[in-house]
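All remarks here apply to the structure that follows.
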2 protein chains.
Amino acid sequence: MDLAEQGLLLEQQLCFDVYAASRAINKAYRPLLEALSLTYPQYLVMLVLWEHEAQTVKQLGEQLQLDSGTLSPLLKRLESAGFLQRQRRASDEREVEIQLTEAGRALRQQASNVPASIFQAIGLSAAEYLQLKHLLRQVMTSVEANYPD
Amino acid sequence: MDLAEQGLLLEQQLCFDVYAASRAINKAYRPLLEALSLTYPQYLVMLVLWEHEAQTVKQLGEQLQLDSGTLSPLLKRLESAGFLQRQRRASDEREVEIQLTEAGRALRQQASNVPASIFQAIGLSAAEYLQLKHLLRQVMTSVEANYPD
DNA sequence: AGCAATTATATTGCACGCAATATAATTTGT
DNA sequence: ACAAATTATATTGCGTGCAATATAATTGCT
């Protein structure tokens, strides 16, 4: 087996591990979030909104690295679930401002135990947790430099 | 802000980073794999098949952690692209054996430069690469222990 | 042998992701 | 002021992922 062929084995490892870990984590969130009637991407949107209530679609997209093709239908689902409202901004009719409803705000309390459950399931020490986070950020920075948006 | 609320900020970090890194890596693969007419999950299937030609759907699913709901349509697409063939096994008609075609085998040469390109884009040293891989495997092991299939 | 589990795959339905396109509002350049 | 470029969002189309269900083949039990 030559070097190129080895690469076709070796490389499967890191990229596949990131891909598989992402799906494994999603699987851990699923039963916890099901109780809140949220999917994981919906939960991420709620996290951002709990932190800072009024956001445009664009601002949400920048923080989550998602475009309107993903966010528009997702936000419509959260709206019809009663967790938020969408309205065009008077100052700039192109922008859509997302506002939490009372039900959306109330959900935050029900979600308060989720982070600890997940941290426990992930089973890393605080140091490993930070190290992993740091390495992943390095990967993202580098990949985005090589393949900009 | 109490502890529970802090969790709703802090936790966004690692899980979101895994999620975002997975999508960033996918974005890096996209232009490289487009030249081979493959998506990233399809490329993963081809990697497994290049390594060991004859596999059942179940065996592929075990290695990639994907079920037939994902694999069946994906394999059909790879078949209609001419890269593999699917046939029921005579010895057990429940099983479907996947066989590479000549075109599927030939694709391996065209893919031989992909791993190096991706490794370069990821921009980690060999040591960091292995460390990240190790941490991700720990996460998967732990998550799967807490949320078994 | 015969019937009840079990197993392997396929199908359906739903929610992402994301490229490509469309549309409407605003900004820019002259 | 006004046409061209830019910006923000929405829509369409396609390929995953995955739960739930269906179907057909095999195995196990008695």
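Throughout, protein chains are lettered first and strands after them, A, B, ... in sequence-line order, and every chain is numbered starting at 1. Computed from a predicted model, the values in this text were never measured in an experiment.
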* Asked: Using the ring of each side chain (for Trp, its six-membered ring), is B/Y29 parallel, tilted or perpendicular to B/Y40, with breaks at 30° and 60°?
  -> tilted
* Structure fact -> From the list B/V45, B/T70, B/L47, side chain to side chain contact (heavy atoms under 4.5 Å, CB included) with B/L64 holds only for B/V45
* Structure fact -> Paired with B/F83, the side chain to side chain contact (heavy atoms under 4.5 Å, CB included) test is passed by just one of B/L49, B/L100, B/L75, B/L78, namely B/L78
Does [X] have a side-chain nitrogen or oxygen under 4.0 Å from the phosphate oxygens OP1 or OP2 of [N]?
| X | N | answer |
| --- | --- | --- |
| A/Y19 | D/dT16 | no |
| A/R86 | D/dT9 | no |
| B/T39 | D/dT16 | yes |
| A/K76 | D/dT11 | yes |
| A/Y40 | C/dA15 | no |
| B/Q42 | D/dT16 | yes |
| A/S72 | D/dA10 | yes |

* **Side-chain-base donor-acceptor pair under 3.5 Å for A/S68 and D/dA8** => no
* To do: Ignoring hydrogens and angles, answer whether the base of D/dT9 and the side-chain atoms of A/R94 contain a donor-acceptor pair closer than 3.5 Å.
  => no
* **Earlier contact from the 5' end, DNA chain D, for A/R23 and A/L71** => A/L71
* Asked: Between A/E97 and B/L66, which has a closest nucleotide on DNA chain D that is more 5'?
  -> A/E97
With the side chain of [X] defined as its heavy atoms from C-beta on, choose the nearest nucleotide among [options].
| X | options | value |
| --- | --- | --- |
| B/L74 | C/dG17, C/dT26, D/dT16 | D/dT16 |
| B/R77 | C/dT7, D/dT9, D/dT16 | D/dT16 |
| A/R88 | D/dT9, D/dC18, C/dT11 | D/dT9 |
| B/D67 | C/dT26, D/dA19, D/dA10 | D/dA19 |
| B/E95 | C/dA8, D/dT9, C/dA25 | C/dA8 |

When the distance from [atom1] of [X] to [atom2] of [N] is rounded to whole Å, what number comes out?
| X | N | atom1 | atom2 | result |
| --- | --- | --- | --- | --- |
| A/L75 | C/dA15 | CG | P | 14 Å |
| A/R30 | D/dG17 | CZ | C1' | 8 Å |
| A/E144 | C/dC18 | CD | P | 11 Å |
| B/Q59 | C/dT7 | CD | P | 16 Å |
| B/L64 | D/dC18 | CG | C1' | 15 Å |
| A/Y29 | C/dC16 | OH | C1' | 17 Å |
| B/E34 | D/dG15 | CD | P | 12 Å |
| B/K58 | D/dT26 | NZ | P | 16 Å |

* Using distance alone, with no hydrogens and no angle criterion, decide if A/Q55 and A/E53 have a side-chain donor and acceptor under 3.5 Å apart. => no
* Structure fact -> Of A/S91 and A/P73, the one whose closest nucleotide on DNA chain C sits nearer the 5' end is A/P73
* Asked: Below 4.5 Å, heavy atoms only, C-beta onward: do A/Y129 and B/V139 meet side chain to side chain?
  -> no
* Salt bridge present between A/E79 and A/R86 (N-O < 4.0 angstrom) -> yes
